[in-house]
Amino acid sequence: MSPIVKLLAQRIALGLLLLFLVSILIFAGTIVLPGDVAQSILGQSATPEALANLRAELGLDEPPVARYFNWLFGVFQGDLGTALTSGQDIATAIGKRLGNTLFLAFWAAIIAVPLAIFLGLLAVRYRERWPDKLISAVTLASISVPEFLIGYILMFFIGVKLGWFPPTAISYRPDADLLTKLSAVALPIAVLTLVVLAHMMRMTRAAILNVMQSAYIETAELKGLRMFTIIWRHAFPNSVAPVVNVVMLNLAYLVVGVVVVEVVFVYPGMGGYLVDHVSKRDIPVVQACGLIFAAVYIGLNLIADVVSILANPRLRHPK
Amino acid sequence: MNDHLRYLAGRASAGLITRREFVGRAAALGLTATAANLMLSQRVLADGPKKGGTIRIGVQGGSTTDSLDPALAANQVPLLVGRLWGEPLVELKDGGGVEGKVAESFEGSADASVWRFKIRNGITFSNGQSVTAEDAAKSLQRHSNEDAKSGALGIMRSVKNVTTDGDTVVVELDGPNADLPYLMADYHLLIQPGGGMEDPTAAIGTGPYILKEVDMGVRFIAEKNPNYWGDLGNADVIEVIVINDNTARVAALQSGQVDIIDRVPPRTAGLVNRAPNITVSTTAGPGHYVFIAHVNTAPFNNQDVMMALKWGMNRQEMVDKILSGYGSVGNDTPISSAYPYFTEFEQREYDPDKAAFHWKKSGYDQPILLRTSENSFPGAPDAAALFQQSLQAAGIPMEIKREPNDGYWSEVWNSKPFCTSYWGGRPTQDQMFSTAYLSSADWNDTRFNVPRFDELLVSARAELDDVKRTDMYAEMGMILRDQGGLICPMFNDFIDAHTDRVAGWVDGAAGFALMNSYAPMKMWVA
């Protein structure tokens, strides 16, 4: 197992370096944007005096490099700081929001991942026949439509016209019972599922079809095994590596890329929180959110790598 | 038959039969559904407010970055939430004028330069502390002192000194101002214990409700304040839910997730109104969408260029296409009929011939550069394109530069010579003119500088004779209309909507959205 431990250590170190670079990029990015937090807080109603007062109070009169290192120093001590705009503790606020985002991502993943893999297997089983074509057509169509449009369509027909589920997630409360919470996020979950389905389904299908060309599959066929058994027992395990990679990418998307869905369905997750603070140039919050998003991305990719190594005996037992 | 209908309407408004049932039975008696609904809502109004229940309101404009500090309130959500827990000294009355809130009564000195506000006797803050003149004076001082970052700093600038005299707050101005009570109704100037100097975000005030749950940018829950001095507030609980997305807000109303929403998009307001259980209400207000030019900068310092642009604006088309008819045409002054001393001028119409005449006379032949962005007002890029076309018909070339929403207010507005923008309007002429058209104003976004205008503005403040004052404002309006850099094609209506679960809507209250943001308190669960 030592190569895996070594690889893990390497990857984690690289991940930390990446996080550091990401934080510099985000900081530079928010500095380059026009306007600053004091102007955003006071908006159109800013007067020069009020602006100067607020800047001094928030410490914006210090040079950017000094502000960055103050922030970095705080992070190493586990302190994400307080939001410039509202004065709230960032860690507490993000904790709540991150919980909501993970809740949504978790249930979307629970539905989307097995469904995508099952549809992929089904498409291979009936390849080039109508079930395959139907699955491909539907999933490709749903990934091609912008997600906010799918959101509005579901909101109007399922939420308003049919009344099966609430059209917006405003009845979602972190302390409500599970059933209420699930009914509140039913439509966002449906949209997210439709958006990530195609990618995972197509990759499963392609990876398995690749393996299906191998000689041992022919042997299995000649042994008289059922087609679905061959795919599930013999072909799928050998195509796990690329599928896991795509699944992880999509899981990361479910956490970091759901801004649009959150805004459309008024769901209080990380995305909306980040967007609010970007538009106010609230740098500490943007930095903290950016770090968390980057960490999720890097972490999931790390898992993908480890899983594909474990799934491949040649990598597991190197000579 | 009429007796039977009245009996049914009574039962329906008392909740003994449902609205659907009532409309059905009324139809059996030969009444159309519309007439039946109308009859019922009249009956509900006539029965008067009912106490109790929960009212949920979905509003646009909230953000997780908002603060409970009233000094920092800058959009609809903090304004509405502030109304729940706090009160200013005075408030605008629905029919015009000002009424007392924390102040029981107020009076100005003969020259209107010193104002005395008598604090209402025996009222308490929601923490049990009784309200003193010192609390009120400190609250005003917090918004006017040097290191304040209050959004009300601009309007507090004319305040020289705030002192107390027993149970009275004395506001001394640096000159006469007959409109001071209107200024004191500003939504930032909520009275807080100790002026909110120690804890500005505590949300403790004298309002009809007490904030119980705050999730910034998401939702606020307020319960009735049992010790409130007045009779404002019908529902036991008011839930303010932030829904920034237009489609989601309308969908939430249609499915009954909320009872009231603001800012129905003009393009869909007609469709929304067609739903049987929803009423769309409009309020004509002082808000307007504008094209502003710096009159001290070439080519806009050339009066003929300005006149060419003004005659080249098709105002009716703007109201029809940009506001979908929910608004009224402007006349190149910021003053609408919603203002107290309004005088109507001859309407400036679209006239390509006159525009072409002035354009030739100006001797200028370069294209005019107009900057715009989607957030300068809803539909601004479309309005810019319409303007471009109506000018083209007069042979005037215009180029449009689309600017990003980000930084528009800091980089373009009040900085570049010609751009699109909006004004929310003010309760009085004096406030509107002093904010944006006085030559020394911070937000003089047209760089307007006519000595006669400034002179009239100052003398109108001290004028207590309404007739003379109306004349002065009319003269100022004419100066602005003919020499100003303001092209004001339209005044936008506020479009709000509510379901029939709630009742008590009053059209046009105080000329601002959501019955001047009192809708959740003044309406009731039907």
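Reminder, nothing fancy here: chain letters follow the sequence lines and each chain counts from 1. All heavy atoms count here, side chains included; hydrogens, waters and symmetry mates do not.
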Practice problem: Test side chain to side chain contact (heavy atoms under 4.5 Å, CB included) on B:Asp245 and A:Tyr152 and set out the steps. | Solution: CA-CA 11 Å; B:Asp245 187 89; A:Tyr152 287 154; 2.7 Å; yes

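- To the nearest 0.5 Å, the span separating CG on B:Asn244 from CG on A:Asp276 amounts to 7.5 Å.
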- Task: Check the pair B:Gln254 / A:Met155 against side chain to side chain contact (heavy atoms under 4.5 Å, CB included), numbers first and verdict last.
- Result: CA-CA 11 Å; B:Gln254 286 172 323; A:Met155 195 187 274; over 6 Å; no

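- Chain B forms the most heavy-atom pairs under 4.5 Å with one residue out of A:Phe148, A:Tyr273, A:Phe156, and that residue is A:Tyr273.
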Worked check of side chain to side chain contact (heavy atoms under 4.5 Å, CB included) between B:Asp215 and A:Lys96:
CA-CA 10 Å; B:Asp215 190 352; A:Lys96 262 200 305 189; 3.9 Å; yes

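- By the 6.0 Å contact criterion, CZ on A:Arg173 is enclosed, its count of non-hydrogen atoms from other residues, nucleotides or ligands being greater than 12.
- No part of B:Val250 comes within reach of chain A, as not one of its non-hydrogen atoms sits under 4.5 angstrom from that chain.
- Residue contact with chain B, scored on non-hydrogen atoms closer than 4.5 Å, involves the backbone of A:Tyr172 exclusively.
- B:Ser255 approaches A:Pro167 most closely through the heavy-atom pair OG-CG, 3.1 Å.
- The environment of CD in B:Glu198 is sparse: at most 12 heavy-atom neighbours from other residues, nucleotides or ligands sit within 6.0 Å.
- Heavy-atom neighbours of A:Leu162 CG from other residues, nucleotides or ligands within 6.0 Å: above the threshold of 12.
- Heavy-atom pairs under 4.5 Å with chain A were tallied for B:Ala152, B:Gly58, B:Ala252; the largest tally goes to B:Ala252.
- Taking every heavy atom of both residues into account, B:Met216 and A:Arg97 meet most closely at O-NH2, 3.9 Å.
- The CZ atom of B:Arg219 sits 7.0 Å away from the CD1 atom of A:Ile170 when rounded to the nearest 0.5 Å.
- Residue A:Arg55 does not touch chain B at all, counting heavy-atom pairs closer than 4.5 Å.
- In this structure, chain A has a heavy atom under 4.5 Å from the side chain of B:Ile241, while its backbone stays farther away.
- The neighbour count for A:Phe165 CZ, taken as heavy atoms of other residues, nucleotides or ligands under 6.0 Å away, does not exceed 12.
- A side-chain donor-acceptor contact under 3.5 Å links B:Gln257 to the backbone of A:Thr168.
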